[in-house]
Amino acid sequence: MMQALAMVLRGIGRRVVDGVWRMGVATRFFALTLLYSGQCFRRPGLIVREIFSSGVLSLIIILVSGLFVGMVLGLQGYETLQTYGSEEALGILVALSLVRELGPVVAALLFASRAGSAITAEIGLMKATEQIAAMEMMAVNPVARVVAPRFWGAVISMPFLAAMFSAMGIFGGYLVGVVLIGVDEGSFWSQMQAAVDFREDVLNGVIKSVVFGIAVTAIALFEGYDAPPTAEGVSRATTRTVVTSSLAILGLDFILTAIMFRGV
Amino acid sequence: MQRATIDFWVGVFVVAGIGALLFLALRVGNMGAFDRAETYTVKATFNNVGGLKVRAPVKSAGVVVGRVSAIGFDPELYEASVTLRIDARYRFPVDTTASIMTSGLLGEQYVALEAGGDDRMLAAGDTLRLTQGAVVLENLIGHFIYGRGDADKTNSAAEH
């Protein structure tokens with residue numbers, strides 16, 4: 001009886017210690033990435049290449065999803081607002097929900113599954129094929145050469161992707177609301193402009209997307225660097241990247257929303 | 001892939017991203033107008049601000065001339081102290097009346113300024129003396145229900 005209890009407690013204890021230990025390693029890795037960022041800024045070509053692979057290549061999925069999310073918002077919003085006879089508020093509904101929440105959050109979720117998983121798989125495979133060990137042999141710091149450019153490339157791409165998602169979504173809402181259904185165009189835009197504040201809404205959305213970009217990239221890089229150098233290890237690490245960063249995005253979004261929009 | 005191709009697409013990406021941000025700032029948001037224009041602040045105390053919010057519009061004759069920049073409580077007067085930030089292009093006389101009104105069905109509240117006839121103009125930091133607070137629905141119903149009773153009382157008082 002006592003022994004069974006002790007086993008259970010030991011099991012819990014081991015998990016907690018492992019978790020804290022992993023957090024510590026991840027934090028040290030993150031700090032190391034920031035520390036060696038200076039070196040990669042001296043070679044901006046590396047960062048540009050990473051903006052291409054995580055930003056430009058994510059464009060299609062971001063733009064198409066943004067358009068469809070906006071169109072669905074337009075349709076559903078119209079259905080509900082119509083019952084209150086205030087279809088003109090459709091612009092406010094589409095713009096505020098995209099700029100404040102859906103833009104940064106959905107773009108970050110797509111970014112995590114499109115670019116985050118690619119980063120993890122790439123670094124995991126580099127480790128499995130001992131490319132990283134080879135760099136160390138040649139006295140090239142792998143954190144400065146491989147990790148830091150990927151971090152900055154993704155962090156720079158993320159706010160642009162979120163802004164394009166929001167802009168595309170508002171265009172989609174306009175397409176459905178004004179062009180298809182026939183909401184008055186003037187009031188659609190003017191009510192939107194009256195309700196959306198640059199600092200309160202647009203800028204806070206940008207801040208959110210930057211925070212999500214940092215979180216997703218840091219998780220993806222650490223999971224890749226930490227992956228066991230086997231095929232199974234890399235595949236597990238990729239899955240973990242998507243799951244952990246999606247949860248991190250949603251959790252951080254709640255915290256940021258609670259801080260930013262307290263309904264003053 | 002060629003370095004030049006990558007540079008080209010990253011350039012397109014960054015320009016499109018900045019374009020989207022500008023679209024959000026200028027076409028979707030209301031950046032401009034009062035954020036950059038010269039303003040001056042005046043204060044007004046109200047017995048009740050109702051649902052007035054910071055950044056609510058200040059209108060005169062229905063035209064937006066400023067925004068509410070702060071709402072506080074005055075512990076000496078026991079009244080709400082509202083700070084109004086008004087576009088410097090518009091000057092108002094010192095006997096301007098400020099009242100809290102409701103616009104639209106959704107009940108967005110704003111401060112309406114009605115210019116008086118004084119020659120002297122409001123300067124920065126002045127306080128508006130003539131104010132009318134928000135109408136509280138419960139008080140309105142109360143007046144309606146008990147209004148007749150009060151009228152009877154005054155009538156009977158006059159008779160005596």
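Each chain gets a letter, A, B and so on, in the order the sequences are listed, and its residues count up from 1. Computed over heavy atoms, backbone and side chain alike; hydrogens, waters and symmetry mates excluded.
Heavy atoms of B/Ile71 lying under 4.5 Å from chain A are absent altogether. Only the side chain of A/Val99 comes within contact range of chain B, judged by heavy atoms closer than 4.5 Å. Looking at A/Val202, the atoms closer than 4.5 Å to chain B (heavy atoms on both sides) all sit in the side chain, from C-beta outward.
Figure legend: A/Arg145 and A/Tyr36 shown without cation-pi pairing, the cationic atom not lying both under 6.0 angstrom from the six-membered ring centre and within 45 degrees of its axis.
Ion pairing between A/Lys208 and A/Glu101 holds under the 4.0 Å rule for side-chain N and carboxylate O.
For chain B, the option among A/Ser157, A/Ala95, A/Gly91, A/Gly45 with the highest count of heavy-atom pairs below 4.5 Å is A/Ser157.
Side-chain atoms of B/Asp118 never come within 3.5 Å of backbone atoms of B/Asp95 as a donor-acceptor pair (strictly under, hydrogens ignored).
Judged by distance alone, the side chains of A/Glu50 and A/Ser53 do bring a donor and an acceptor atom under 3.5 Å apart.
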